[in-house]
Amino acid sequence: MSKKQEETETKNPDRRSFLKVGAVCGLAGATSALGLMPNVVQASDKPGHLKSHVDPGDLDDYYGFWSGGHSGEVRVLGIPSCRELKRIPVFNYDAAYGWGTTNISKSLLKGKHSGDTHHVHLSYHNGTYDGKYAFVNDKAQARLARIRLDYFVTDKITEIPHCQGTHGIFPSRHKLDAVYCNSEFRTPLPNDGRDATDPKKYGALHTCIDAKTMDVRWQVMVDGNMDLCATDYEGKYSMACSYNSEGGVTLGDMIANDRDWLVVFNHKRIEADVKAGKGKKIGNSSVPVLDGRHGSPYTIYIPIPKSPHGVNMDPTGRYAVCAGKLSPTVSVVDMKKVDQAFDGKIKPRDCVVAEPEVGIGPLHTAFDDRGNAYTSIFIDSVVTKWNIAKAVAGQNPVIEKIDIHYQIGHINATMSETKEADGKWLISLNKFSKDRFLPVGPFRNENEQLIDISGSKMRIVHDTATHPEPHDAVMVRRDIIRPKKVWSNDDPRFDYERNLAKKFGLNDLKAASKVIRDGKHVYVFMTGVAPNFSMSEFTVKQGDTVTLVLTNNDGIEDLSHGICVSHHDVNFGVSPQETASATFKVPNKGVYWYYCPWFCHALHLEMRGRMIVT
Ligand code: K7E
Ligand code: CUA
């Protein structure tokens, strides 16, 4: 299929092939209504503005990837409609897919069921997204997860040694190479009870994780607490906004100084010394750690006012913009000067080429394709649009401020984190919604506002209530993301189940329908084709451990099954051609019905059987 054809198919999904599925499922009546949906070509609904309403049957122009905050998940939205398309479980328990129940998810979660995702970024090639992976941090338990974007599933979770509050992350932008992670909280290193009462001995680490293997390559110790992270476009540097230059442990101690830093990490120097074996090991971890505190060759500390929070690289790759948080300024750092600062030719502070005032409480910055920046201003509850070239020329760069509702945290624009920034849509992720929606009890939803930035004036086009609490989001052109509709059944994701089946002489999971006893452990291999499981019953003994392996043998798009075993806390899904398994105990005798929880057929409710425990 040519790229053009595939694009057309995405834009005009073939309703008739969907109808065929409907006929197979005996749902022709219901889906023919969908077949009649009009396909409206998007046009502007107001002269000079983008059209934000996506008509029934039409598709969005962008994928939005949203962190889920303390829900521990990642969400996928369509932009500009802001319709929520999917929730991808990452660090959380999710019954719809069985995340936290299936053996593969348990092997990744290692007994944990919560996380706090703040920053989600996609993998890159040559300064733009390659559509392969998404990466997301867990601030709560110092982890980095990777999501495969061919199937939209979490496939790796890496625990980061010696770190707490893993906060800013950013992948390499030149190629699929590494993901850099900042630990925000300083702790004694190693954190084994010694030095607990001596904050002078605390430290925080900047960690490099291999994007392909997800193994930790190295760590660099810094002064201060690190917040957000960015990488340049050439693969030379990563950087961290850093506060607490005071080295304090109480809030008052941490915010005394007028300037903190942007810390820049020199990858060439770090990797050479790691290779030369100069890294020290801490505790029982084998990861090499270098000392990057003041005076080391690995880092420069660029003074930035005051407790800077976000750092964002403009699409030309020339400027890093640091938002002052406790200072009303943003600091523009010229990456060309960073080379000179590392060579000792200029002072680190000379890398700052502009420091305009943009409002009270600046946090994060997004960019369009016309040299403008958009900074989120928390305390003022505004977005400030300003021009980078004007700022560097020493002129007042502020173009416009727009009120948002209320207390904006992150901000991002379509393709803003790439060299293909296109200046169409801006999303404002607001911490409070107050009076914007029907009240739903004391815990309220957040409010996210979509802003059209394509014209000369910013225009808010709608409010979106969200479940708490997305911090950050990226919006990606839809042609970049090419998800599969059906699993390839030889995918390595099913290795555990495949090897288990082979151990018992079953060489094809798609044909595996058998109960095998191995001492007190019973292995049940089952398949499903709508509307039947391959077994309408199986028998085990009280006290057994059961591993239930289910393969979905339907190969039709959107025909998922699953299995829910009554009273055994087992519930997971299998999409077309997928295999998954769960292991559980059967403590009590009796008859327990299992059934398919995914609506798959007119006889879906009849897709069930009995587990008999004798
Ligand atoms: Cu500003 Cu964790 Cu990105 Cu929240 S951080 S807002
Ligand atoms: Cu299979 Cu419902």
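Atoms within a ligand are numbered from 1 in the order they appear, just like the ligands themselves. Just the heavy atoms: all of them, side chains too, but no hydrogens, waters or symmetry mates, feed the values below.
Ring geometry, F265 versus H206: the interplanar angle falls under 30°, so the pair is classed parallel (tilted spans 30 to 60°). Between H167 and H119, the two ring planes are tilted [angle within 30° to 60°]. Between Y523 and F525, the ring-plane angle classifies as parallel under the 30° and 60° cut-offs. Ring geometry for H410 against H364 counts as parallel: the plane angle stays under 30°, on a 0 to 90° scale with 60° as the upper cut.
Excluding waters, the protein N/O/S atoms found under 2.8 Å from atom 1 (Cu) of ligand 2 are H561 ND1, C596 SG, C600 SG, M607 SD.
For E355, the salt bridge (Lys or Arg N to Asp or Glu O under 4.0 Å) partners two or more places apart in sequence, or in a different chain, are R349. With sequence neighbours excluded, the residues satisfying ring-ring contact (aromatic ring centres under 6.0 Å, His included) with H121 are F170.
The aromatic ring centroids of F572 and Y97 lie 6.0 Å or more from each other. Residues Y594 and F533 place their aromatic rings such that the two centres sit under 6.0 Å apart.
Protein-derived N/O/S atoms nearer than 2.8 Å to atom 3 (Cu) of ligand 1 total 2, waters excluded.
Within ligand 1, counting atoms from 1 as listed, the ones closer than 4.0 Å to a heavy atom of K431 are 4 (Cu), 6 (S).
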Checklist entry - Going through the distances and angles, do W593 and M611 end up as a side chain to side chain contact (heavy atoms under 4.5 Å, CB included)? => result CA-CA 6 Å; W593 286 92; M611 176 174 77; over 6 Å; no
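No cation-pi contact links K385 to Y374, judged by a cut-off of 6.0 Å to the six-membered ring centre and 45° from its axis.
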